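Just so you know, these numbers use all the heavy atoms, side chains as well, and skip hydrogens, waters and symmetry mates. Keep in mind it's a predicted model, so treat the numbers as computed, not measured.
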Amino acid sequence: MGLRIADVELTSRFFLGTAGYPSPAVLQQAIAASGTQVVTVGLKRQLAMPANGPGGQGDFYALIRASGARLLPNTAGCRTAREAVALAQMARELFGTPWLKLEVVGDDHTLQPDPFELVDAARTLVREGFEVFPYCTDDLVLCQRLLDAGCRILMPWGAPIGSGQGLLNPWALRTLRERLPDVPLVVDAGIGSPQDAVQAMELGFDAVLLNSAVAQARDPVRMAQAFKLGIEAGRLAFEAGIMAQQAMAVATTPVTGQPFVL
């Protein structure tokens, strides 16, 4: 089954970042191999690019448009709600989309989101008509406050950004899924390998967003394909219903009763 998120129907549950690839050509090939329909772009990074010329903003935007993927600008690098709101307004002007991945970092070491500034920024941006995808921790109360602020999607971390540590607190993520059954949930940050993505999908999350695990792989294009397959497999497993774990061995072959073959 597909994914409906922010009133848009998607067939892919793989959201892909666009930073840190060896070359624009590799990025383009990785997007194609991933099958993604949503790519994230850091606005601060893009504004640092030259406006024209090889490798400039024009070339980058042309690459994204050619991919056919929907753009999800993000406010990476912002430290306050005011800064994030200003950057979001600029992103909507430049990209012509109300979609926004909202990041407001509160700690330089862990890049952990600042919960107070994040909720403040989300409340303001929702009032201004943005579809806010907040990057947050796996704290249930924070997630509830973001929903109260008007967010319709949540993007809790699996681990600190770029760490590749996988899902450090599956219990908290499982709790979010159980307590917020009707909210689209996207695991964002910390994914290191396809097995982490499979785990997130088996927990019932709706999608996975990652960047470094593909961009920093020895072969980003093949890794993008590996994640695509892993995400699909994890979702299928969740929908099929994973068997319950047992404390002791349970015989799979009956030793009593009528055998099937005489």
Legend entry - Nearest heavy atoms of Asp114 and Glu117, plus distance in Å: OD1-N, 3.1 Å

Inset, instruction - Could you please spell out the steps behind the salt bridge (charged side-chain N to carboxylate O under 4.0 Å, His left out) verdict for Asp148 and Arg123? - result: CA-CA 9 Å; Asp148 293 342; Arg123 186 179 296 112; over 6 Å; no

Legend entry - Gap between atom CG of Leu176 and atom CG of Leu154 - 0.5 Å precision: 7.5 Å

Inset, instruction - State yes or no: do Ile161 and Leu210 share one hydrophobic cluster built from I, L, V, M, F, W and Y residues joined by side-chain heavy-atom distances below 4.5 Å, directly or via other members? - result: no

Inset, instruction - Would you name the heavy atoms of Ala237 and Glu202 that are closest together and state the gap between them? - result: CB-OE2, 4.0 Å

Inset, instruction - Please answer whether the main-chain N or O of Ser212 pairs with a side-chain N or O of Gln216 as donor and acceptor at a distance below 3.5 Å. - result: no

Legend entry - Short side-chain to backbone donor-acceptor contact, Thr75 and Ala84, under 3.5 Å: no

Inset, instruction - Tell me, with the steps shown, if Asp108 and Arg79 meet salt bridge (charged side-chain N to carboxylate O under 4.0 Å, His left out). - result: CA-CA 10 Å; Asp108 290 335; Arg79 306 288 173 176; 2.6 Å; yes

Legend entry - Minimum heavy-atom distance between Pro160 and Gln165, given as atom pair plus value: CD-NE2, 4.2 Å

Legend entry - Arg145 to Val119 - nearest heavy-atom pair and separation: CB-CG2, 4.1 Å

Inset, instruction - Using a 4.5 Å cut-off on heavy atoms from C-beta on, say whether the side chain of Leu167 contacts that of Leu173. - result: yes

Inset, instruction - Look at the side chain of Thr175 and the backbone N and O of Trp171, then say whether any donor-acceptor pair between them is shorter than 3.5 Å. - result: yes

Legend entry - Option passing side-chain contact (heavy atoms from CB on, under 4.5 Å) with Val104 (candidates Leu118, Thr80, Val85): Leu118

Legend entry - Member of Leu87, Val132, Asn74 meeting the side-chain contact (heavy atoms from CB on, under 4.5 Å) criterion with Leu102: Val132

Inset, instruction - Could you tell me whether Glu93 atom CD has more than 12 heavy atoms of other residues or ligands within 6.0 Å of it? - result: no

Inset, instruction - Taking all non-hydrogen atoms of both residues into account, name the closest pair between Leu10 and Val38 and its distance. - result: CD1-CG2, 3.9 Å

Inset, instruction - Kindly compute the distance separating CG (Leu209) from CZ (Arg13), expressed to the nearest 0.5 Å. - result: 14.5 Å

Legend entry - Arg82 atom CZ, over 12 foreign heavy atoms within 6.0 Å: no

Inset, instruction - Could you tell me the separation between the CZ atom of Arg4 and the CG atom of Asp206, rounded to the nearest 0.5 Å? - result: 13.5 Å

Legend entry - Donor-acceptor pair, side chain of Arg174 and main chain of Arg177, under 3.5 angstrom: no

Legend entry - Residue pair Ala88 / Leu100: nearest heavy atoms and the distance that separates them: CB-CD2, 3.4 Å

Inset, instruction - Hey, could you give me each pair passing ring-ring contact (aromatic ring centres under 6.0 Å, His included) that has a residue in residues 112-135? Not counting sequence neighbours. - result: Trp99-Phe133

Only distances under 3.5 Å count here; give the side-chain donor-acceptor pairs of residues 183-197 to other protein atoms, sequence neighbours excluded, each with its distance to 0.1 Å.
from, atom 1, to, atom 2, distance (Å)
Asp188, OD2, Lys101, NZ, 2.9
Ser193, OG, Gln195, N, 3.4
Asp196, OD2, Gly192, N, 2.8
Asp196, OD2, Ser193, N, 3.0

Legend entry - N/O donor-acceptor pair under 3.5 Å between Thr18 side chain and Thr40 backbone: yes

Legend entry - Interatomic distance, Thr36 atom OG1 to Arg70 atom CZ [nearest 0.5 angstrom]: 11.5 Å

Legend entry - ILVMFWY network linking Leu140 to Trp157, side-chain heavy atoms under 4.5 angstrom: no

